[in-house]
Amino acid sequence: MYSKNSQDRLQEILDFITEITLGNYTYTLSLKNQKSELEQIVLSLNTMVEEIDTSVHQINFEKSKEVIENIVFTLDHNLHIISYSDNVSTILKYPERDLINKPIKLILSENTKLPEDIYELSTKSFEQNLPFQVSLLHTNGYIWSGYGYFHRMISKESLTYTLSVFKEVYINERMNILNQQTGAHSYPSEYRSLLLQDQRDLGKRLHKYVTQRLDRKLKKLDVISREVGGSTSKIKIIFKRAYGETIYAYHLRKRLEKAYTLLKDTSTPINEIAEECGFKSFSHFSRSFKNKYHITATQIRKS
């Protein structure tokens, strides 16, 4: 049986997985200072979500762009929040009552260390333009990490500081259009696979294109990309991720598998089978067949 703390942690993990399935790859989940199977799961999930974020937008790079997201806090001399940029509520999901006049440390993760000498930090940040890593806590316990600048504000009034945090994020125009139409600010569940739909559809078209041409040599990649409706780099990435081989290696393997079946199940002459499987040169067919099956086509026919 799980302890109460473990049950709470498990629920946090399940909520985080839900965010991932909704298409939100901006956050990670904070790690607890303990060794357990649950924390190993959290570590794996954090690694996975970063890989997914990169992969999704690399594959959909025509529709994605990298932008800088910036949130800002104004702090008093005790480092209590006195104001903040309006996007803080959208990104971290805190209501105003949980932020105003509250210590900034309440929403900083354990990984963010502010030095005891705040004056020294603000001076260095200003004079040397030195950023430091900042991990902010989402209201659900997720982590929003970026790089921050800490400045002491010059004023005749009371002493104040600003903490400005920057993070590189991907913006996808399809999701932006969808959010504008629905009024949503995050990925709605019924559209959680929308970002990957282009990839799946293109993958299906590409696979159909390849398997319908086992009787001939494939054209060059730029021609294939035009005919299936995707860029050259995109079809290479999608196909390799889906089938573990390049388009041409997969196509050759399928032609040889077709030849093997025809040799076993029909009496069609071997040279005709070679032609039917797209080999103009019989010697090329023979070499390719033996390289794959470590036996000649003639020996297969006789077996």
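- Between Phe239 and Tyr250, the ring planes are perpendicular. Angles over 60° get that label, and only those under 30° would be called parallel.
- Across every non-hydrogen atom of Asn101 and His80, the tightest pair is O-ND1, 3.5 Å.
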Name every donor-acceptor pair, under 3.5 Å, that has one atom in a side chain of residues 275-284 and the other anywhere in the protein, sequence neighbours excluded.
{"from": "Ser281", "atom 1": "OG", "to": "Ser283", "atom 2": "N", "distance (Å)": "3.4"}
{"from": "Ser281", "atom 1": "OG", "to": "Ser283", "atom 2": "OG", "distance (Å)": "2.8"}
{"from": "Ser281", "atom 1": "OG", "to": "His284", "atom 2": "N", "distance (Å)": "3.2"}
{"from": "His284", "atom 1": "NE2", "to": "Ser288", "atom 2": "OG", "distance (Å)": "3.4"}

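- Using a 4.5 Å heavy-atom threshold, the side chains of Glu12 and Val42 count as separate.
- Asn70 has its side chain within reach of Ser164: a pair of non-hydrogen atoms, C-beta onward, lies under 4.5 Å apart.
- For Ile82 against Thr160, the heavy-atom pair with the smallest separation is CD1-CG2, 3.9 Å.
- In this view, Lys219 and Glu227 satisfy the salt bridge (charged side-chain N to carboxylate O under 4.0 Å, His left out) rule, not counting sequence neighbours.
- The heavy-atom pair separating Phe16 from Tyr142 by the smallest distance is N-OH, 3.6 Å.
- Closest non-hydrogen pair, Leu106 versus Leu137, comes out as O-CD1, 3.9 Å.
- Taking all atoms of both residues into account, the shortest heavy-atom contact from Val165 to Leu136 is CG2-CD1, 4.3 Å.
- Within a 6.0 Å sphere centred on NZ of Lys236, heavy atoms belonging to other residues, nucleotides or ligands number 12 at most.
- Listed by first then second residue, pairs satisfying salt bridge (Lys or Arg N to Asp or Glu O under 4.0 Å) with a partner in residues 245-257 read Glu245-Arg253, Arg253-Glu257, Lys254-Glu257, not counting sequence neighbours.
- Relative orientation of the Tyr149 and Phe166 rings is perpendicular, given thresholds of 30° and 60° on the angle between their planes.
- Ser225 and Ser231 share no donor-acceptor pair across their side chains, judged by distance under 3.5 Å alone.
- Nearest heavy atoms, Thr266 versus Arg301: O-NH2, 3.3 Å.
- Using a distance-only test at 3.5 Å, with no hydrogens or angles considered, no donor-acceptor pair links the side chain of Lys290 to the main chain of Thr296.
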